[in-house]
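What follows is a set of notes on a single structure, which appears directly below.
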Amino acid sequence: MDLERLFLFREENDLTQEKMGAIVNTKKWSITKWENGKEIIPLPKLNIYANYFNTSMDYILKLTNKKGSTISCTTLDPKIVGQNIKKVRKDNNISQRELAKELGTTQSVIYGYENGKFLILTAFAYQICVKYNVSMDWLCGRGR
């Protein structure tokens with residue numbers, strides 16, 4: 001997953017890592033790790049970036065080259081995200097077990113995602129978007 005656009009947005013807007021950390025409510029070292037590809041940005045933080053820079057999660061993650069966005073979402077709802085994961089799975093006629101195997105996790109984790117028990121990891125959501133050609137913004141329920 002290429003997170004170069006996190007850095008580019010910050011630089012284009014003349015923001016320090018400290019200032020960006022304040023915007024997304026995290027520490028400078030997290031911003032550094034995300035920009036350097038040492039860690040993957042959590043979905044709630046990615047959502048804040050997309051809202052702040054008025055762009056899509058898809059653009060930030062290089063799933064599209066369309067920069068602008070009219071989509072905005074204050075918080076991500078694990079239940080809506082879970083429903084969308086289930087829809088992708090059903091539309092592609094795969095079981096929870098099969099999806100879990102593709103993502104390198106367990107069926108119980110997929111069950112937890114689909115039932116809104118907890119929010120999917122960014123890396124797993126990204127894999128779903130790439131493999132099944134769906135939008136990260138749609139998957140995360142942005143622009144409902």
Side-chain angles (χ1 to χ4, degrees), residues 1-89 91-92 94 96-114 116-144:
M1 181 180 323
D2 185 346
L3 296 173
E4 173 190 29
R5 288 181 175 160
L6 293 177
F7 168 78
L8 294 175
F9 271 118
R10 185 178 60 75
E11 287 289 305
E12 288 170 2
N13 288 274
D14 201 28
L15 296 168
T16 64
Q17 289 180 330
E18 291 87 359
K19 177 68 176 164
M20 196 69 233
I23 291 165
V24 299
N25 194 26
T26 195
K27 301 288 183 194
K28 174 191 174 209
W29 58 266
S30 291
I31 303 297
T32 302
K33 288 180 181 181
W34 300 337
E35 289 181 355
N36 292 331
K38 303 280 188 214
E39 287 185 7
I40 298 172
I41 186 171
L43 282 178
K45 302 299 185 185
L46 179 60
N47 184 53
I48 295 170
Y49 265 87
N51 289 339
Y52 186 82
F53 293 113
N54 195 31
T55 194
S56 67
M57 295 169 109
D58 292 323
Y59 183 77
I60 292 171
L61 296 173
K62 294 187 175 180
L63 294 170
T64 186
N65 286 317
K66 285 183 168 179
K67 190 173 186 176
S69 175
T70 57
I71 299 169
S72 185
C73 180
T74 307
T75 58
L76 302 180
D77 184 340
K79 291 189 183 302
I80 291 171
V81 177
Q83 290 168 0
N84 291 342
I85 293 167
K86 187 172 187 174
K87 180 171 178 17
V88 169
R89 189 175 58 73
D91 287 352
N92 288 280
I94 59 171
Q96 287 180 343
R97 179 172 287 144
E98 290 168 318
L99 182 58
K101 186 175 181 180
E102 287 176 10
L103 298 178
T105 191
T106 64
Q107 182 178 352
S108 63
V109 168
I110 301 302
Y111 175 85
Y113 292 154
E114 288 186 0
K117 304 287 184 204
F118 41 90
L119 192 60
I120 190 169
L121 297 175
T122 307
F124 290 165
Y126 181 81
Q127 285 178 264
I128 290 170
C129 291
V130 170
K131 172 132 182 150
Y132 298 103
N133 195 30
V134 296
S135 161
M136 181 68 82
D137 292 284
W138 172 82
L139 188 71
C140 291
R142 288 173 47 93
R144 306 169 247 218

* To do: Given salt bridge (charged side-chain N to carboxylate O under 4.0 Å, His left out), test K67 with E12 step by step and report yes or no.
  => CA-CA 13 Å; K67 190 173 186 176; E12 288 170 2; 3.5 Å; yes
* So do the side chains of L121 and T105 get within less than 4.5 Å of each other, counting heavy atoms only? -> no
* Asked: Does D77 use its side chain to pair, donor to acceptor, with the backbone of K79 at less than 3.5 Å?
  -> yes
* Side-chain contact test, heavy atoms from C-beta onward, threshold under 4.5 Å: evaluate it for R89 versus Y113 and give yes or no. => no
* Structure fact -> So NZ of K86 and CD of Q96: to nearest 0.5 Å the spacing works out to 7.5 Å
* Side chain to side chain, M20 and W34, heavy atoms closer than 4.5 Å -> no
* **Any donor-acceptor pair under 3.5 Å from D137 side chain to D58 backbone** => yes
* CZ/R5 to CG/L3 distance, rounded to the nearest 0.5 angstrom? -> 11.0 Å
* Asked: Does D2 reach the main-chain N or O of E4 with its side chain, forming a donor-acceptor pair under 3.5 Å?
  -> yes
* Asked: Is there side-chain contact between E102 and I94, with at least one heavy-atom pair below 4.5 Å?
  -> yes
* Asked: Is there a donor-acceptor pair under 3.5 Å between the side chain of K45 and the backbone N or O of N25?
  -> yes
* Working to the nearest 0.5 Å, report the span between CD1 of I120 and CD1 of I85. => 3.5 Å
* Atom pair CG/CG of L76 and L43 - distance to nearest 0.5 Å -> 6.0 Å
* To do: Please say whether more than 12 non-hydrogen atoms of neighbouring residues, nucleotides or ligands are located less than 6.0 Å from CG in D14.
  => no
* To do: Would you check if F9 and L15 make a side-chain contact, meaning some heavy-atom pair closer than 4.5 Å?
  => no
* Any side-chain heavy atom of I31 sitting closer than 4.5 Å to one from L6? -> no
* Nearest-0.5 Å distance that lies between atom CG in L63 and atom CE in M1 -> 8.5 Å
* To do: Taking atom OH of Y111 as the centre, report whether more than 12 heavy atoms of other residues, nucleotides or ligands fall under 6.0 Å from it.
  => no
* Asked: Short question: side chain of R142, backbone of S56 - any donor-acceptor pair under 3.5 Å?
  -> no
* Hey, could you give me the OH/CD1 distance between Y126 and I41, rounded to the nearest 0.5 Å? => 14.0 Å
* Got a sec: does the NZ of K38 have more than 12 other heavy atoms crowding it under 6.0 Å? -> no
